[in-house]
There are 2 protein chains.
Amino acid sequence: MRGADAAGRAVEARARAVSGPGSEPADTPVVPESGADASARAGDGPVGASGANDPVGVPTMFDVARHAGVSHQTVSRVLNDLPGVAAATRERVRESIAALNYTPSPTARAMAQRRSGSIGLIQAGRPDYGPSSAALGFNEAAREAGYAVSQASMRTLDADVLTQAVHRLVLQRVEAIVLISGEREGVDVLRGIDAGVPVVAVASEPEPGLHRVSFDQSAGARLATEHLIGLGHRRIAHVAGPSDSMDAAERRRGFAAALEAHGLEVREPVAGDWLAASGHAAGRRLLDEGWATAVFVGNDQMSLGLLHACHDAGVAVPGELSVVGFDDIPEAAFFTPPLTTVRQDFDSLGRDIMATVADVLRDEAAAPDHTSRVPELVVRASTAPPRG
Amino acid sequence: MRGADAAGRAVEARARAVSGPGSEPADTPVVPESGADASARAGDGPVGASGANDPVGVPTMFDVARHAGVSHQTVSRVLNDLPGVAAATRERVRESIAALNYTPSPTARAMAQRRSGSIGLIQAGRPDYGPSSAALGFNEAAREAGYAVSQASMRTLDADVLTQAVHRLVLQRVEAIVLISGEREGVDVLRGIDAGVPVVAVASEPEPGLHRVSFDQSAGARLATEHLIGLGHRRIAHVAGPSDSMDAAERRRGFAAALEAHGLEVREPVAGDWLAASGHAAGRRLLDEGWATAVFVGNDQMSLGLLHACHDAGVAVPGELSVVGFDDIPEAAFFTPPLTTVRQDFDSLGRDIMATVADVLRDEAAAPDHTSRVPELVVRASTAPPRG
DNA sequence: GTCCCCAATGTTAGCGCTAACGACGGTCTC
DNA sequence: GAGACCGTCGTTAGCGCTAACATTGGGGAC
């Protein structure tokens with residue numbers, strides 16, 4: 001249906017373009033504005049292409065131009081706030097734009113300008129609370145900044161798939177590419193590609209030559225650890241995230257630093273994979289060992305698993321073991337017991353990403369920058385002084 | 001930096017375009033194919049616009065045409081698998097495409113064809129596990145189907161913002177719009193807008209005139225309720241989701257239907273808002289009443305809150321109260337006790353969405369269709385026969 | 001052999017916009 | 001008062017592609 005309409009319009013337009021110039025000049029112009037008449041008579045291509053009062057087609061710049069009695073270029077100038085337009089004309093064009101409810105075509109603009117007004121977002125990994133929230137925050141911020149977001153997400157990070165995704169986005173002429181992925185490999189792959197556009201990544205480890213945004217994971221871990229130390233714990237264990245995660249590494253680093261600062265023993269962390277099941281397994285192991293009086297767990301999901309293991313083993317939390325998590329997912333307040341954890345405001349992180357993108361786009365030559373936020377400790381009921 | 005590069009390239013290209021045609025025709029063509037020579041000499045616009053062996057610029061269709069010794073139109077035909085190209089020519093063009101590592105510009109294609117090869121995705125609401133997973137599944141499926149995804153998400157569903165988002169997407173010439181939002185209002189708003197492109201929504205309630213995809217929430221609720229009935233429970237309560245959620249309404253309906261089918265009393269559900277806190281409050285209320293021996297809770301987060309309330313009140317689950325959730329979020333297996341719940345495969349849902357979009361795009365006149373999946377019950381440790 | 005037809009190709013004209021330049025009055029300057 | 005100069009427009013040429021038409025050069029039918 002829509003196809004037929006378009007064809008009909010094209011034919012009609014062509015007929016008008018041919019017959020118009022032949023008859024009109026002889027008659028007295030009906031339209032008072034001479035400018036309007038001239039531009040209408042020019043009839044070169046685009047002018048005739050969209051009917052005078054076609055109710056179906058989206059209005060183009062030429063429709064606005066005719067309506068305002070100026071050339072399409074003047075409309076363009078008004079649209080882009082360029083100088084060289086008299087105030088009165090500018091006003092008249094604005095009115096025509098409003099009258100026709102005109103909005104410029106991003107596609108055509110992208111074509112002519114070789115920029116698209118859109119940003120590519122790659123989210124790699126599980127759709128966990130953190131990345132999803134950050135992506136959402138970014139999306140909203142981008143929209144507010146007038147950018148479209150072209151998303152290319154993947155459940156698992158695969159170098160080939162990632163590379164393909166980047167190329168796709170580049171072809172779409174995105175102006176920047178944002179990567180939200182905890183895995184180090186994602187950042188590495190991206191750095192290896194010359195996308196030709198700026199890349200902003202969420203990365204908590206220093207990444208030379210890359211614009212990045214992150215929470216200070218190490219500081220967050222120190223917060224958590226020092227909270228435990230402050231309560232009087234001396235034997236504190238750590239359940240870490242996967243080794244390919246930058247956040248996991250940074251949290252581990254912060255944890256160790258805090259212990260060392262207080263002269264406490266730093267044991268090798270138990271490795272997890274962020275999922276509750278691994279936290280459960282880690283909990284079993286720690287309880288078997290029986291060394292620790294407190295655990296700093298890499299994230300809230302694993303904490304849940306660990307709490308579960310404690311419950312199974314009849315170990316009271318926080319009575320016999322204190323637990324601190326990381327992230328503060330919405331559910332953490334309702335764990336049994338409510339989890340003391342380190343809160344990251346992912347929404348703001350997403351907005352920081354957009355802010356960084358805007359900065360980079362403003363001055364592409366700028367040296368890679370790093371925006372960092374410090375997470376905050378939320379004390380609930382899973383921590384207490386050690387027994388005795 | 002890139003700006004300077006681009007400018008330099010343009011100048012260089014222009015210079016070549018002027019000098020090239022002047023000298024070449026006099027000499028013996030170096031390239032054997034006469035076609036190539038002719039097309040190169042034509043020099044109308046685009047041909048000269050991208051240098052012969054410009055190492056920086058992305059190759060265009062004209063570069064491929066010259067390389068293969070054919071016209072750009074033939075390249076286009078090969079690209080789009082159109083008939084009217086000799087097998088040998090087709091092969092040669094394919095080789096040139098590969099040799100130059102050419103990929104067509106989606107922007108230009110969108111411009112000429114008035115279609116963009118992209119789909120708009122609107123995700124409205126909290127970035128919960130369900131919607132996020134569905135969005136991810138959709139994203140992957142769309143990519144596999146060769147579509148780009150332009151995302152416009154919003155944390156809260158606001159009619160104006162939604163309308164704006166739709167218009168933005170339409171301007172971007174998306175070929176279809178997908179809405180992932182549990183709230184009825186989202187669907188209503190979308191139906192009120194004539195986007196001019198097909199709309200596919202995740203909606204579990206019948207929505208006349210809309211293509212939709214969903215899980216059969218009612219069937220899932222029946223599954224859960226009948227599980228409890230099967231265990232011997234006769235007084236079963238329900239903690240429902242917010243009234244503006246279609247899923248909540250459908251689950252409530254299925255719950256009531258199952259009870260009625262067995263001649264059991266249907267009490268007014270306790271209202272929640274999907275969050276753990278509301279589940280906690282609902283739990284307190286139910287425990288105060290002391291009527292129910294089992295609860296079917298609208299989702300897993302609220303179940304967590306309810307379990308927490310039970311724990312606080314010293315009520316044993318499942319000993320004194322059985323609890324069934326809905327969704328099967330990854331953490332559900334590690335609640336205390338592990339939650340019996342109804343699993344929805346959100347990833348597949350996302351893929352169903354893409355499949356529906358593809359169907360609709362294939363035949364836009366097709367009557368609005370509905371794809372439905374039946375969720376499955378996952379029995380864990382939060383349910384048991386009633387005491388006595 | 002002549003004519004017709006069709007497969008295989010080439011040519012032309014846009015899609016709706018921006019960028020670069022051209023044109024046209026009027027000031028200002030000396 | 002004539003040329004330089006500027007503010008204000010208008011015109012032209014693309015961006016890289018597709019759609020529609022024009023143009024070839026054989027192969028059959030007669």
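In what follows, every heavy atom counts, from backbone to side chain, and hydrogens, waters and symmetry copies are set aside. Letters go in sequence order (proteins before strands), and every chain restarts at 1.
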Task: Gap between atom CD of E175(B) and atom OG of S116(B) - 0.5 Å precision - done: 4.5 Å
TODO: Round to the nearest Å and state the distance from L79(B) atom CG to dG16(D) atom C1'.
DONE: 12 Å
Open item on the list: Counting the atoms with a prime plus P, OP1 and OP2 as sugar-phosphate, which does P83(B) contact under 4.0 Å by heavy atoms, base, sugar-phosphate, or nothing?
Closed with: nothing
Task: Candidate nucleotides dT18(D), dC17(D), dC17(C), ranked by approach to the side chain of N80(B) - the nearest - done: dT18(D)
Task: Protein-nucleotide distance (E91(B), atom CD; dA8(C), atom P), rounded to Å - done: 16 Å
Open item on the list: For G120(A) versus L169(A), what's the shortest heavy-atom pair and its separation?
Closed with: CA-CD1, 3.8 Å
Task: R109(B) CZ - dG16(C) P separation (whole Å) - done: 18 Å
Open item on the list: Once hydrogens and angles are ignored, does a donor-acceptor distance under 3.5 Å link the base of dT11(C) to the side chain of H72(B)?
Closed with: no
Task: Side chain of V70(B) - closest among dG10(C), dT9(C), dC17(C) - done: dG10(C)
- [ ] Determine yes or no for a side-chain-to-main-chain donor-acceptor pair under 3.5 angstrom, with R191(A) supplying the side chain and V189(A) the backbone.
- [x] no
Open item on the list: Any side-chain to backbone donor/acceptor pair from R77(A) onto L82(A)? Under 3.5 Å, distance only.
Closed with: no
TODO: Grab the CG-P distance between D63(A) and dG16(C) for me, whole Å please.
DONE: 9 Å
Task: Below 4.0 Å: OP1/OP2 of dT18(C) and any side-chain N or O of S76(A) - done: yes
Open item on the list: Would the distance check show the side chain of R168(A) and the main-chain N or O of V166(A) forming a donor-acceptor pair, the cut-off being under 3.5 Å?
Closed with: no
- [ ] Using a 4.0 Å heavy-atom cut-off across all strands, classify T107(A) as base, sugar-phosphate, or nothing.
- [x] nothing
- [ ] Using five base pairs at each end, measure the axis-to-axis angle across the helix from dG1(C)-dC30(D) to dC30(C)-dG1(D) and round it to 10 degrees.
- [x] 50°
TODO: Could you tell me the separation between the CG atom of D81(A) and the C1' atom of dT18(C), rounded to a whole number of Å?
DONE: 15 Å
- [ ] Check the distance between dC15(D)'s C1' and Q113(A)'s CD and give it to me in whole angstrom.
- [x] 11 Å
TODO: Hey, which sits more toward the 5' end of DNA chain D by its nearest nucleotide, Q73(B) or A108(B)?
DONE: A108(B)
TODO: Take atom CE of M61(B) and atom P of dG14(C), then tell me their distance rounded to the nearest Å.
DONE: 19 Å
TODO: Could you please name the option among dG16(D), dC9(D), dT18(C) that lies closest to any side-chain atom of T60(B)?
DONE: dG16(D)
- [ ] Take M111(B) and A87(B), find for each the nucleotide of DNA chain C with the closest heavy atom, and name the residue whose nucleotide sits nearer the 5' end.
- [x] A87(B)
Task: Gap separating the CD1 atom of I119(B) from the CE atom of M354(B), nearest 0.5 angstrom - done: 4.0 Å
- [ ] Would you kindly give the CZ-to-C1' distance between R114(B) and dA19(D), to the nearest whole Å?
- [x] 10 Å
- [ ] Kindly indicate whether the side chain of R77(B) and the base of dG10(C) share any N or O donor-acceptor pair separated by less than 3.5 Å?
- [x] yes
- [ ] Enumerate the residues from residues 165-173 of chain B whose closest heavy atom to DNA chain C is under 4.0 Å, giving them by residue number; use none for an empty result.
- [x] none
